[in-house]
Amino acid sequence: MSTLAFNAVEIAPRELKPSLLELDGISRASVEAHYKLYQGYVNKRNEILAKLAEVDLSAANQVYSEIRGLKVDLSFAVGGVKNHEIYFEHLGGDGGPAAGAIGALIERDFGSFDNWKTDLKATGMAGRGWAWTAYDWDEGRLANYIGDAQNTFPIWNAAPLVALDVYEHAYFLDYQTDRASYIDAFFRNLDWNVVNDWISSYGIRA
Ligand SMILES: [Fe+2]
């Protein structure tokens, strides 16, 4: 039997940083429930890859519709893993204006920290799932991108540095339908040191 067995490599969820349980304006209950969703995406990813590994390629043509379904679901699960890993990792800080390399990049590419914030907030209000600030390697600058789901709309060759989750599950417990107040709280909890570590490890130059 011919299969895609090499796919079945498992990953484990990252641990939740203790500082995430003491955020300003985003409750512990909300973060704990949200973290469970993230664990769910990790499990889903592992499950889908295990299924892909067992697909019998020698079966009839319908094997491709099975692979299609699994691969599309995989993009959603992997998106859910990656988006939430950025989200959880760069929260737990004191917010405030961006400092260091990210501060310089924001200033250069948006004109001011307030311009960046206004644009990302508007993108988050307009999106159905995500708003990201990413460094686009081809353009050599930062841009704010919109996402409706875990797997829409990724931009190739761009490294996400800020991931704002605007799915209802991120704020409904604390803010019901008041997404704007949740986004304000998100900004208050950003850890710019984490973002600056990514900039340095990726080799992004201001
Ligand atoms: Fe989420």
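We count ligands from 1, going down the list as the structure has it; atoms in each ligand are counted the same way. Just so it is clear, the model here is predicted, and its values are computed rather than measured.
The atom of His169 that is an N, O or S and sits closest to the Fe ion (ligand 1) is NE2. Here the N, O or S atom of His84 that is nearest to the Fe ion (ligand 1) is NE2. Asp165 contributes OD2 as its N, O or S atom closest to the Fe ion (ligand 1).
A donor-acceptor pair under 3.5 Å links the side-chain atoms of Tyr38 to the main chain of Arg14, judged by distance alone.
Between Glu85 and Lys82 there is no salt bridge, since no side-chain N of the basic residue sits under 4.0 Å from a carboxylate O of the acidic one. A salt bridge between Glu32 and Arg28 is present, with a side-chain N of the basic residue lying under 4.0 Å from a carboxylate O of the acidic one. Using a 4.0 Å cut-off between charged nitrogen and carboxylate oxygen, Arg188 and Asp94 do not count as a salt-bridge pair.
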